Amino acid sequence: MHSHSDTGSYYTRIDASRYKPTAHAGGAWDPDEQHFSPLGGLVAHAIDRHLAARPDGDRLLLARISYDILGRLALDECEIRVETVRPGRTIELLEATVRIADRPVVRARAWLLVALDTSAVAGDPAERLTPPERLATWPMSDLWPGGYIASLDVRPLTPPRPGRTTAWVSTPLALVAGEPSSPLASYLALVDTANGIAVRQPPTAWMFPNVDLTVHLHRQPAGDWTGLDTTVTFGPSGQGLTSTVLHDITGPVGHAQQILTVRPPAH
């Protein structure tokens, strides 16, 4: 379990289903909005709590979570409700809905698969990334405003290039003040950073916010660092794609995809 509450947090709990974001959750496109990254982690935290309340909750592991961002993420109190869409003993589909001012702003669907020992057939051809302790911190706040980006320790393996960066991301902050979060929720709280580490165009010149984030995992991540091996593509008709191979310290854990709405500078 991760708990960094002595240094601050992204959220404080109001009650069983409601949370208040702190200034550290401030967005990169608009500091008066929440950055989606910590909110994505908070949704995973709410799913963890939902499963922990069930006697059999620990037999299932999250294998995919797909978030759809439905509207503006105001830096205000949010409520998260989790329900079962497709129950099952070995496969289950959950849906989490985030509401701000009683309007749904995020819907997330999570596939959970039964935990089994498949170590005898496990294998991944990808290489390990250079460990973060051998790398220097990159001042990502020089490129992006907002409390969330300012809270991060970002360590690229090589200098960031337009459309292509591999970097480790970590934070000293707790997800929710005074309560531990799982390694998975803490890990997922950093994944949406990917869209900002390998920009094809300066965010002052072009806008390219993502409307979704989908994460597929073949292994449960562990440790304090989220590794993002990220490629950004802009298409010719207003669409973009941020594709990331996800790593933890011991190797790859899965993939993340974000679809972008690419918009020319406002005149």
Side-chain angles (χ1 to χ4, degrees), residues 8-11 19-44 65-78 80 98-101 103-108 138-154 156 160-165 167 169 171 173 175 188-215 226 228 230-235 237-244 256-267:
S9 66
Y10 294 109
Y11 295 91
Y19 304 82
K20 185 171 177 53
T22 70
H24 297 301
W29 293 108
D30 181 348
D32 294 328
E33 296 178 8
Q34 295 182 55
H35 195 292
F36 182 69
S37 210
L39 186 57
L42 187 66
V43 168
I65 185 162
S66 185
Y67 307 89
D68 290 313
I69 303 167
L70 307 178
R72 181 174 180 269
L73 305 175
L75 199 61
D76 294 328
E77 175 187 309
C78 46
I80 305 179
V98 182
R99 291 177 178 271
I100 297 175
R103 292 178 61 180
V105 293
V106 178
R107 285 195 203 279
W138 174 52
M140 195 170 167
S141 289
D142 291 356
L143 184 64
W144 292 100
Y148 170 71
I149 297 298
S151 74
L152 302 178
D153 183 353
V154 181
R161 306 203 313 268
R164 192 73 186 92
T165 300
V169 185
T171 179
L173 302 184
L175 191 50
L188 289 173
L190 297 167
V191 170
D192 192 73
T193 318
N195 193 38
I197 64 170
V199 301
R200 296 203 71 88
Q201 294 289 330
T204 47
W206 285 77
M207 291 189 70
F208 41 92
N210 53 306
V211 299
D212 83 326
L213 168 64
T214 300
V215 175
T226 295
L228 304 171
T230 297
T231 304
V232 179
T233 306
F234 287 174
S237 53
Q239 296 154 277
L241 182 63
T242 296
S243 299
T244 300
Q257 305 280 357
Q258 297 155 284
I259 201 74
L260 318 179
T261 171
V262 181
R263 297 168 177 235
H267 294 295

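These numbers come from a predicted model, not from an experiment.
- Qualifying side-chain contact (heavy atoms from CB on, under 4.5 Å) partners for I100, counting only residues two or more places apart in sequence or in other chains: Q34, A74, D76, C78, V105.
- Heavy-atom contacts from other residues, nucleotides or ligands closer than 6.0 Å to CZ of R263 number 12 or fewer.
- T230 has its side chain out of reach of Q258: every pair of non-hydrogen atoms, C-beta onward, lies at least 4.5 Å apart.
- Between V232 and L260, the closest side-chain pair of non-hydrogen atoms falls below 4.5 Å.
- Side-chain atoms of T226 never come within 3.5 Å of backbone atoms of V191 as a donor-acceptor pair (strictly under, hydrogens ignored).
- Nearest heavy atom pair, residue T171 against residue S151, reads OG1-O, 3.7 Å.
- The ring-ring contact (aromatic ring centres under 6.0 Å, His included) check on W206 picks up nothing, with sequence neighbours excluded.
- When all heavy atoms of W144 and G196 are compared, the pair lying nearest together is NE1-O, 2.9 Å.
- The closest donor-acceptor contact from the side chain of T244 to the backbone of A194 lies at 3.5 Å or more, if one exists at all.
- Here the side chains of I197 and P160 are not in contact, with every heavy-atom distance at 4.5 Å or above.
- For the residue pair A189 and S37, the shortest heavy atom distance occurs at O-OG, 2.8 Å.
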When you look at N210 and I259, which way does the side-chain contact (heavy atoms from CB on, under 4.5 Å) test go after all the steps?
CA-CA 5 Å; N210 53 306; I259 201 74; over 6 Å; no
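- Between Y19 and Y11, the ring planes are perpendicular. Angles over 60° get that label, and only those under 30° would be called parallel.
- Checking side-chain atoms of T231 against main-chain N and O of R164 turns up no donor-acceptor pair under 3.5 Å.
- When side chains are defined from C-beta on, D153 does not count as touching V169, because their heavy atoms never get closer than 4.5 Å.
- With P21 as the fixed residue, the side chain to side chain contact (heavy atoms under 4.5 Å, CB included) test singles out one of L42, L75, L73, L39: L75.
- Taken from CD1 in I149 to CG in L143, the straight-line distance is 8.5 Å, to the nearest 0.5 Å.
- Side-chain contact between F234 and Q201 is present, with heavy atoms from C-beta onward closer than 4.5 Å.
- Taking all atoms of both residues into account, the shortest heavy-atom contact from V262 to G240 is CG2-N, 3.7 Å.
- With no hydrogens or angles considered, a side-chain donor-acceptor pair links Y148 and T193 at under 3.5 Å.
- Interatomic distance, CD of Q257 versus CG of L213, reported as 9.5 Å (0.5 Å rounding).
- At a threshold of 4.5 Å between non-hydrogen side-chain atoms, the residues V199 and F208 count as touching.
- Residues forming a side-chain contact (heavy atoms from CB on, under 4.5 Å) with E77 (at least two apart in sequence, or on another chain): I14, R18.
- A heavy-atom distance below 4.5 Å is found between the side chains of L152 and L190.
- When all heavy atoms are compared, the tightest approach of G40 to Y67 is O-OH, 2.7 Å.
- Nearest approach of S66 to T214, heavy atoms of both residues: OG-OG1, 2.9 Å.
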